[in-house]
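So that the names make sense, note that chain A is the first sequence line, chain B the second, and so on, each numbered from 1.
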There are 2 protein chains.
Amino acid sequence: MLSPSTLQIACSHCNLRELCMPVDVTARDMERLDTLVTTRRRIRRGAALYSSGEKFNALYAIRSGFFKTRVTTPDGREQVTGFQMAGEIMGLDGIVANQHTCDALALEDAEVCEMPYDRIESLSHEVPALQTHVHKIMSREIVREHGVMLLLGSMRAEERVASFLLNLLQRLHARGFSEAALVLRMTREEIGSYLGLTLETVSRTFSKFAEDGIIEVKHRQVRILDSQALRAIVNAGAGR
Amino acid sequence: MLSPSTLQIACSHCNLRELCMPVDVTARDMERLDTLVTTRRRIRRGAALYSSGEKFNALYAIRSGFFKTRVTTPDGREQVTGFQMAGEIMGLDGIVANQHTCDALALEDAEVCEMPYDRIESLSHEVPALQTHVHKIMSREIVREHGVMLLLGSMRAEERVASFLLNLLQRLHARGFSEAALVLRMTREEIGSYLGLTLETVSRTFSKFAEDGIIEVKHRQVRILDSQALRAIVNAGAGR
DNA sequence: CGTCACGTTGACTAATTTCAATAACGGTGG
DNA sequence: CCACCGTTATTGAAATTAGTCAACGTGACG
């Protein structure tokens with residue numbers, strides 16, 4: 001029988017299960033998967049879940065909260081590589097060289113499920129569905145990054161910002177939030193770094209969208225008045 | 001005993017082995033890994049190894065030749081996501097949804113080793129070193145893309161071009177080619193797409209580097225006169 | 001030896017960054 | 001509870017970078 005604390009972190013009882021875990025799994029395999037997550041970790045707003053250079057030990061599934069990942073160079077260049085929310089997996093960058101190559105920072109108080117990598121490897125061996133799932137998660141991240149490259153390489157500022165908003169909305173909606181409003185967890189500067197723009201350009205673009213009646217912006221509260229217009233902005237720029 | 005044709009495509013006898021395959025493998029496991037590659041495929045210059053939308057079946061290891069990968073959107077936007085050379089693995093994007101999400105096009109006549117994905121999955125199950133290796137390959141691709149995001153999001157044109165040249169040189173050098181010269185296999189337009197610049201800017205930047213005595217450019221032949229200067233250009237721009 | 005794709009270069013334009021000033025919050029402590 | 005301070009955000013004007021449009025070369029290849 002499961003102890004209360006084990007039960008508390010059992011994936012089989014987690015409402016985020018469909019986001020993190022393979023779906024078509026026998027009861028017996030699910031029981032095994034429940035041993036994947038050894039600990040929950042709380043991360044305070046502003047703190048790092050892991051940092052570049054640290055030894056890689058585990059992957060993390062976000063239980064609650066919001067993160068950014070960023071790469072930095074020795075000479076001080078910096079790039080936000082993504083914003084992560086509940087159900088998403090972090091730490092994949094560390095596998096190749098057994099050490100992390102980016103920082104994961106909590107943008108609000110957060111909780112993550114720690115999955116030791118050696119355990120993932122051995123369990124994958126026993127549970128083929130997990131092996132497939134890990135491959136899919138990594139492949140999904142590669143495809144996501146292709147999308148970011150497309151954004152950074154071929155879109156102008158308005159297209160990038162519209163694309164960014166639509167992406168956040170879509171992911172929040174998949175988690176049961178409204179499609180018509182969102183609260184930004186990050187600063188204009190962080191958005192700018194992610195989008196390859198300055199914070200001023202991000203701010204100006206928000207203002208322009210607001211003037212055009214597409215969104216309403218009050219600090220970090222954004223209300224979407226015309227999501228179709230956002231889509232049109234993204235698509236309009238095709239052919240550069 | 002191995003037949004001539006099997007032997008011909010055996011990884012154990014391939015001089016690119018260290019690039020594609022796990023290194024610390026028993027003789028017995030190596031024998032198994034030799035069954036991974038079922039076919040060699042020749043791809044003509046300009047032809048696609050796979051295209052976006054096609055069913056995903058296999059990963060490919062480049063045996064010879066040079067590829068580009070690109071993503072395209074329905075509305076005609078396009079972004080080159082990478083240039084691949086001997087020993088590198090292509091097709092990882094297809095795993096997540098069982099279909100390819102980008103095009104892989106040969107920039108010169110090429111030969112690839114086809115590794116059916118279902119075979120990779122079942123063999124990974126038997127040979128842990130292969131499982132680890134697949135994870136590392138995917139993680140490496142994620143880290144590579146972080147680097148591209150840094151380039152696209154934070155570098156100016158000269159920094160991007162310098163960074164591009166250094167990256168190519170380093171990878172070619174790892175394959176036994178000179179550090180002081182290279183032949184570009186792609187057009188200025190393809191370089192521009194990859195770097196988020198127009199072909200004119202790429203051309204002008206090459207010309208400027210040549211004027212400054214950093215490189216010599218004759219069509220697609222590039223000679224590196226001062227690689228330290230290239231490194232300096234990349235590092236100089238830190239702090240945007 | 002002509003044609004076509006590729007590459008270079010110039011002049012001009014547009015987009016974004018930079019610099020600067022001001023405003024609005026949010027958290028903290030009196 | 002309110003005032004203050006530092007951080008975050010907005011906005012304007014000038015500067016800069018890269019893009020666009022256009023003309024011209026040049027090579028490779030049939």
**Q** Nearest whole angstrom, please: distance from the P of dT8(D) to the CD of Q221(A).
**A** 17 Å

**Q** At 4.0 Å (heavy atoms only), tell me whether R204(A) reaches a base, stays on the sugar-phosphate, or touches nothing.
**A** base

**Q** Taking the nucleotide of DNA chain C with the closest heavy atom to each, which residue, E189(B) or V202(A), is nearer the 5' end?
**A** E189(B)

**Q** Between dA18(D), dT8(C), dT11(D), which nucleotide has the shortest distance from any of its atoms to the side chain of S207(A)?
**A** dT11(D)

**Q** Is any side-chain N or O of S203(B) closer than 4.0 Å to OP1 or OP2 of dG7(C)?
**A** no

**Q** Compare side-chain N and O positions of R188(A) against OP1 and OP2 of dT8(D) and report whether any pair is under 4.0 Å apart.
**A** no

**Q** Nearest whole Å is fine: how far is dA15(C) P from L152(A) CG?
**A** 19 Å

**Q** Output the rounded distance in Å from CG (L199(A)) to P (dT18(C)).
**A** 10 Å

**Q** Nearest whole angstrom, please: distance from the P of dA14(C) to the CZ of R156(A).
**A** 11 Å

**Q** Counting heavy atoms from C-beta on, name the nucleotide in dT17(C), dT11(D), dG19(D) closest to the side chain of T198(B).
**A** dG19(D)

**Q** Categorize G192(A) for me: base, sugar-phosphate, or nothing, with a 4.0 angstrom heavy-atom threshold over every strand shown.
**A** nothing

**Q** Can you tell which of T72(B), T69(B), D93(B) makes a side-chain hydrogen bond (donor to acceptor under 3.5 Å, both in side chains) with T101(B)?
**A** D93(B)

**Q** Can you check the E159(A) CD to dA15(C) P distance for me, whole Å?
**A** 11 Å

**Q** Donor-acceptor pair, E78(A) side chain versus V71(A) backbone, under 3.5 Å?
**A** no

**Q** Is H219(A) close enough to dA9(D) that one of its side-chain N or O atoms is under 4.0 Å from OP1 or OP2 there?
**A** no

**Q** Once you round it to whole Å, what is the distance between C1' of dA5(C) and CZ of R45(B)?
**A** 10 Å

**Q** Taking the six-membered ring for Trp, are Y194(A) and F83(A) closer than 6.0 Å centroid to centroid?
**A** yes

**Q** So does R220(A) get a side-chain nitrogen or oxygen closer than 4.0 Å to the phosphate oxygens (OP1/OP2) of dA9(D)?
**A** yes

**Q** Applying side chain to side chain donor-acceptor pair (under 3.5 Å) to N167(B) and R171(B), what does each step give before you reach the verdict?
**A** CA-CA 6 Å; N167(B) 175 268; R171(B) 287 157 65 202; 2.9 Å; yes

**Q** When only distance counts, do a donor and an acceptor, one from the side chain of E190(B) and one from the base of dC6(C), lie under 3.5 Å apart?
**A** no

**Q** Remember a base hit wins even if backbone is also touched, and classify L197(B) as base, sugar-phosphate or nothing at under 4.0 Å, heavy atoms.
**A** sugar-phosphate

**Q** Tell me what T187(B) touches on the nucleic acid: a base, only sugar-phosphate, or nothing, going by heavy atoms under 4.0 Å.
**A** sugar-phosphate

**Q** Between atom CE in M155(A) and atom P in dG19(D), what is the gap in whole Å?
**A** 16 Å

**Q** What's the CD-P distance between E200(A) and dA9(D), to the nearest Å?
**A** 12 Å

**Q** I need the M186(B) CE to F164(B) CZ distance, nearest 0.5 Å.
**A** 4.0 Å

